[in-house]
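Order of the sequence lines fixes the chain letters, A, B, ..., with proteins taken first and strands second; residue numbering starts at 1 for each chain. Just so you know, these numbers use all the heavy atoms, side chains as well, and skip hydrogens, waters and symmetry mates.
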Amino acid sequence: MSGDELERKLGGNMLIRKNVVKAGEKTIASLAVILLSTLVISGCANKKPPVTSGTGTSAMIQGDDFSKHLEVHNADLAKRLFISSVKSRTSNGLLEVNLQLTSRYEKSQKLQYHFNWFDADGFVIEARKTPWKPLELHGQQSTTLRGLAPNINVSSFNVYVREIPEKAYKY
Amino acid sequence: MNKLALVTTLGLTLVLAAGCANKSVVRYGDATAVETTDINFGSTDLQKVAAEMTDSLLLSPVVGTLTQNSRPVMFVERLKNKTSEHIDTESITDSISTKLLRSGKFRFVDMGRVDAAREQLKFQHDGGMVDPSKALQFGRQIGAQYMLYGNLSSIVKSNQDKSDVYYKFTLRLMDLESGLVEWADETEIRKTKAKESVGW
């Protein structure tokens, strides 16, 4: 081994040692940052309101082609969920709606769905009285949701599907 | 340097934790949205049960023929609560009868207010205040043809990580004259509560 080589090696070692010390400082600093940010997130992140948009149809009259009325407000949900058909008919004088809902996701989804009913003039009927109904959709499952108009004056409807916010959010 | 960082971090954390934890704010919420506060019978269960039972009854072919030319008169008998919780079953029957009444297909007599009605009629006849020619007559009320009645039962199971509750609600419609059960349906609810290890 020549002197030059030895020097280079030593120099290299010292450089490495310096780097190690710097790296150590950096690790502590980054750890502190991570710790802080996790605490901030866990403590305060749920101040954000939950995402409550979903997918659904705008008001459609009996016999309309549903695809014209399909509305997607939540692209993430739309990737996992797919409304494949909406059918309606009149039974016992009341408008009955069937909605075919298919999951494109391999895991279970906790959803809620809601129907709105309108009369022939487009006025809402029984506003805010039709409840959101909970629905668990298993992976890749296809299911049919049924809605029944609250009275005989209903001539059009819309339907909306969204997720159930699982955490307690502070608005 | 490092100690300073640590102390600052701790101090900041304390401030943040205290700042985030001690606020209580009152807001109005959506009365019809799905509520998952705990596993007990809640508003969503009540709304779901009432809506499904009403829909099922209104869609059944039997009811289609019953209500074709007339609006049958019904009365609601109290629901039997066979669950392990205290549940206001009258609230469920109220929701169901209100929905049925508002559908325009049925009419109801209210057994819960018979005494009050009798009191009023007595007052009109014996109180000496009401013109006898304008007092309502006794014995003119219309009797119910059908009776709605039902049961609410539950199965509750739990272990250390998970609890599960299952509700079954059965509703029946009886023809009071013949004693035949004309329609029946049941609806089920399953709710589970599990501990989650990670979550924010």
Side-chain angles (χ1 to χ4, degrees), chain A residues 24-25 27-50 52 91-94 96-97 110-115 125-136 146-154 162-171, chain B residues 1-2 5-6 8-10 12-14 16-21 23-25 27-37 43-52 54-61 63-68 95 98-100 102-105 189-192 196 198-200:
Chain A
E25 266 176 31
T27 327
I28 287 173
S30 54
L31 265 178
V33 169
I34 289 171
L35 191 72
L36 247 177
S37 48
T38 25
L39 283 165
V40 168
I41 288 169
S42 59
C44 299
N46 53 6
K47 272 194 171 173
K48 272 192 216 156
T52 44
S91 17
N92 289 351
L94 300 163
E96 186 191 1
V97 180
K110 304 252 188 307
L111 305 166
Q112 50 184 334
Y113 66 97
H114 179 248
F115 286 91
I125 282 175
E126 304 279 315
R128 322 253 332 137
K129 279 188 202 164
T130 43
W132 287 88
K133 284 188 199 166
L135 164 79
E136 179 166 14
R146 188 178 72 181
L148 186 71
N151 61 43
I152 53 169
N153 298 327
V154 172
R162 62 181 176 123
E163 282 178 298
I164 299 178
E166 287 211 321
K167 295 279 156 276
Y169 286 94
K170 292 173 190 162
Y171 287 85
Chain B
M1 170 68 193
N2 290 343
L6 198 71
T8 329
T9 318
L10 276 174
L12 261 172
T13 330
L14 272 175
L16 278 174
C20 291
K23 267 186 212 163
S24 80
V25 183
R27 311 259 175 190
Y28 281 99
D30 184 354
T32 58
V34 170
E35 163 265 323
T36 52
T37 312
S43 63
T44 301
D45 304 317
L46 193 154
Q47 289 164 347
K48 184 178 186 284
V49 159
E52 279 183 6
T54 319
D55 287 2
S56 166
L57 179 59
L58 290 175
L59 273 179
S60 71
V63 170
T65 50
L66 290 181
T67 58
Q68 207 159 31
S95 291
T98 306
K99 277 175 193 288
L100 288 175
R102 290 185 65 83
S103 76
K105 299 265 182 191
I189 294 172
R190 152 150 282 126
K191 292 209 279 188
T192 52
E196 279 184 4
V198 183
W200 54 63

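Using a 4.5 Å cut-off on side-chain heavy atoms (C-beta onward), Lys105(B) and Leu94(A) make contact. Residues Lys133(A) and Glu52(B) have side chains in contact (heavy-atom distance under 4.5 Å, counting atoms from C-beta outward). Taking the side chain as every heavy atom from C-beta outward, Lys129(A) and Arg102(B) approach each other to under 4.5 Å.
Evaluation of the side-chain hydrogen bond (donor to acceptor under 3.5 Å, both in side chains) rule for Glu163(A) yields Arg80(A) as partners, not counting sequence neighbours.
When every heavy atom of Ser91(A) is checked against every heavy atom of Leu59(B), the shortest pair comes out as OG-CD2, 3.3 Å. Between Trp132(A) and Asp30(B), the shortest heavy-atom distance links the atoms NE1-OD2, 3.5 Å.
Proximity to chain B (any heavy atom under 4.5 Å) is restricted, for Pro150(A), to the backbone atoms N, CA, C and O. The part of Ser60(B) that comes within reach of chain A is its backbone (N, CA, C, O), which places non-hydrogen atoms under 4.5 angstrom from that chain.
Atom CD of Glu136(A) sits about 7.0 Å away from atom OG1 of Thr192(B), to the nearest 0.5 Å. Considering NZ of Lys48(B) and CG of Leu135(A), their distance stands at 9.0 Å, rounded to 0.5 Å.
In terms of modelled atom types and a separation under 3.5 Å, the side chain of Gln47(B) and the main chain of Pro131(A) share no donor-acceptor contact.
The candidate with the highest count of non-hydrogen atom pairs below 4.5 Å against chain A, out of Ala33(B), Ser43(B), Gly104(B), is Ala33(B). Among the candidates Asn151(A), Ile152(A), Leu148(A), the residue making the largest number of heavy-atom pairs closer than 4.5 Å to chain B is Leu148(A).
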